[in-house]
Amino acid sequence: MNVKVIVKGRAKGSLLIAKNPLNFLGGIDKKTGIVQDRNHDLFGKSVGDKILVFPFGIGSSVGAYTIYSLKYNHCAPLAMICLKADLTTASGCAISNIPLVVANKNDYDLLKEDREVILDAIKGEIS
Amino acid sequence: MELTKEEESALDGKQGETLALAYRTLVAIGEASGSDRLIPIEWAHLSGVNYNTIGDAGRDFLSHLSQDAKFKVKTTVNPMGFDFDSVSRYNIDEKFIENQRSIKNSYEKMGAIPSYSCIPYEIFDIPKQGTHVSFAESNAAIYANSFSGLVTNKEGAFSALASAITGKSPCSDLRDDDIRKPNLTIRMKVESPNELTYGMLGYFAGKVAGSSVALSGVNGLDRRSCKSLCAGMGTSGACGMFTFGEEEGEKIDFDKKEMQKIHDELNTSESGDLITLGSPQLGLDEIGDLATMLKGRSFKKRCMIFCPSAIKGQMRDLGYRKEIERAGGELLFDCCTCLSPLVDNKDVDSVVTNSVKGAYYLRTSNKVDVNLKSLKRIVEEETK
């Protein structure tokens with residue numbers, strides 16, 4: 001499928017899919033990458049070394065620094081796929097050099113948990 | 001986005017990882033906000049300076065970045081959490097002080113002018129009309145667009161920081177003349193307004209407007225009211241500028257009823273244990289006005305007054321400092337009401353202020369109640 005590139009790069013890995021929007025500030029433990037928001041559907045799971053799929057980011061723009069901390073602490077996602085590019089996620093992925101793409105609704109709904117994919121966020125393709 | 005060859009090469013890391021990081025940020029924000037290119041800017045004003053706003057993760061990021069990043073254009077910075085010159089008089093955690101020092105050092109190492117002020121438009125010379133700048137502090141962005149003849153988006157901490165490093169910004173939103181033209185007019189219907197009325201008008205406008213809004217029935221604003229209007233607007237929404245006079249399109253009234261709703265939302269106490277003046281910080285005009293208002297009077301309770309250190313010398317030479325301190329006012333530099341650890345809910349339950357922006361953050365971040373009233377009423381009721 002074709003996707004819009006927000007932050008360039010390439011990644012290969014399995015998909016971790018969140019139903020709810022993510023609040024990076026407070027929602028994820030920046031030292032472990034484990035989702036710590038009890039009301040989130042990914043509660044208790046680690047986002048590290050996965051291609052993280054979620055609708056969009058919410059909450060304070062400081063959440064961008066949390067994404068950077070995840071990368072610095074070696075527990076960041078390999079890449080992110082969103083439905084809508086919010087500025088916090090876009091800034092966070094940019095400063096952390098994590099590929100970020102936006103998929104359209106039909107394609108986004110085809111993404112399946114645990115599937116291994118190759119994300120080419122230069123050409124703008126997922127296969 | 002269409003990039004030039006040089007921009008493309010910097011993005012690909014051919015001029016080092018720091019420039020690549022900055023260009024990645026501009027491109028990501030540009031792609032996310034529908035921009036087609038980058039344009040040059042002459043001045044960046046950065047937010048994300050107070051340790052309370054960026055935390056450990058922000059401190060670490062800036063520390064890493066400052067190892068080899070250098071600002072390419074004039075770069076000024078927002079207030080910190082406290083005033084280093086007077087911090088020993090306050091009960092601030094040692095760790096907070098260390099973290100704040102680290103952030104200060106990182107920005108200065110990258111070449112920031114140590115302004116620590118949210119009113120750059122009042123303490124620096126303004127470039128010529130139509131100059132593009134990148135201001136991340138919301139009241140400053142709105143003031144720059146609406147009063148100073150400059151062009152900026154209501155930038156975020158990251159876009160302004162990346163602009164400081166590259167001297168560029170995505171060309172989107174308010175950088176486009178069509179978007180600067182308001183399609184909504186708010187008709188000011190409240191009589192005998194003061195700065196608090198204008199703060200609430202701004203807060204109302206921010207909630208209902210898009211990128212730009214027209215205000216009709218507003219005239220004869222003094223500096224205090226201008227700043228209050230900008231700060232109120234920046235607090236409640238995404239609106240980044242206003243014009244005066246009626247425009248085509250939708251019209252809404254701001255009347256006594258609307259104003260009361262906002263007052264009820266922000267005013268949660270009929271009195272306060274402490275007074276804070278300054279969000280935005282008070283400039284020389286306002287400090288002069290305050291000194292005049294306080295002649296022969298003294299505060300009945302603590303009053304913290306926040307200003308930029310750029311005016312320190314002038315306020316001393318003009319005798320304002322002496323007069324305000326005689327009246328019991330506590331002058332603080334390089335910091336501001338918003339998110340300051342100097343206002344602690346362990347010590348105070350409620351705070352008196354004339355700032356709509358201050359009221360919002362005192363409630364949501366410092367978790368204290370607020371008694372909102374105009375400066376004139378504060379002087380009448382809280383001094384003797």
Side-chain angles (χ1 to χ4, degrees), chain A residues 2-10 23-33 55-76 79-103 121-122 124, chain B residues 1 3 8 10-13 17-35 47-65 69 103 136 138 153-163 165-166 170 172-173 238 339 361 364-365:
Chain A
N2 292 319
V3 288
K4 180 180 163 71
V5 176
I6 306 295
V7 178
K8 285 206 276 189
R10 287 194 182 89
N23 186 341
F24 286 97
L25 182 68
I28 297 185
D29 180 345
K30 64 187 181 195
K31 295 210 168 76
T32 61
F56 49 87
I58 52 169
S60 166
S61 63
V62 180
Y65 288 129
T66 307
I67 299 177
Y68 179 80
S69 292
L70 292 173
K71 178 83 173 193
Y72 198 73
N73 294 326
H74 307 289
C75 53
M80 301 191 201
I81 304 171
C82 290
L83 202 47
K84 193 173 86 180
D86 67 282
L87 292 185
T88 300
T89 309
S91 313
C93 287
I95 62 172
S96 317
N97 206 5
I98 295 172
L100 170 67
V101 298
V102 170
I122 290 170
Chain B
M1 280 174 88
L3 299 182
E8 199 72 63
L11 177 66
D12 289 339
E17 172 50 26
T18 301
L19 260 194
L21 178 153
Y23 274 103
R24 265 200 316 270
T25 305
L26 294 180
V27 169
I29 289 168
E31 291 289 357
S33 59
S35 164
S47 61
V49 180
N50 183 342
Y51 171 67
N52 257 348
T53 62
I54 64 169
D56 293 346
R59 173 205 63 196
D60 292 346
F61 171 73
L62 292 169
S63 165
H64 301 152
L65 187 68
I103 295 167
S138 62
N153 277 318
K154 201 179 150 190
E155 302 291 345
F158 301 98
S159 59
L161 182 61
S163 289
I165 295 170
T166 58
S172 58
D173 299 329
L339 285 103
Y361 287 104
T364 55
S365 298

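Protein chains get the first letters and strands the later ones, always in sequence-line order, with residue 1 at the start of each.
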What's the spacing between B/Glu17 CD and A/Asn97 CG if we round to 0.5 Å? 5.5 Å
Where does B/Ser159 contact chain A at under 4.5 Å (heavy atoms): side chain, backbone, both or neither? neither
Considering all heavy atoms, the nearest B/Ala57-A/Thr66 contact: CB-N, 4.4 Å
Do any of residues 23-31 of chain A have a heavy atom less than 4.5 Å from a heavy atom of chain B, and if so, which, in residue order? A/Lys30
Sorted by chain and number, sequence neighbours left out, side chain to side chain contact (heavy atoms under 4.5 Å, CB included) with B/Ser63 holds for B/Ser106
Drop me the distance from A/Ser69's OG to B/Arg59's CZ, to the nearest 0.5 angstrom. 9.0 Å
Quick check: do A/Lys8 and B/Asp12 have side-chain heavy atoms less than 4.5 Å from each other? yes
Kindly give the heavy-atom pair with the smallest separation between A/Ala94 and B/Thr25, and that separation in Å. CB-CA, 3.4 Å
Tell me, do B/Arg24 and A/Ile95 make a side-chain contact under 4.5 Å, heavy atoms counted? no
One option among B/Leu65, B/Ile54, B/Asp56 has the most heavy-atom pairs under 4.5 Å with chain A, and it is B/Ile54
Pairs touching residues 55-70 of chain A that satisfy salt bridge (charged side-chain N to carboxylate O under 4.0 Å, His left out), sequence neighbours left out: none
Residue list, side chain to side chain contact (heavy atoms under 4.5 Å, CB included) with B/Asp60, at least two apart or on another chain: B/His64
Quick check on A/Val102 against chain B: is it the side chain, the backbone, both or neither that has a heavy atom closer than 4.5 Å? neither
Which answer fits B/Leu26, side chain, backbone, both or neither, if we ask what part of it has an atom under 4.5 Å from a heavy atom of chain A? neither
Check: B/Phe158 ring centroid to A/Tyr65 ring centroid under 6.0 Å: yes
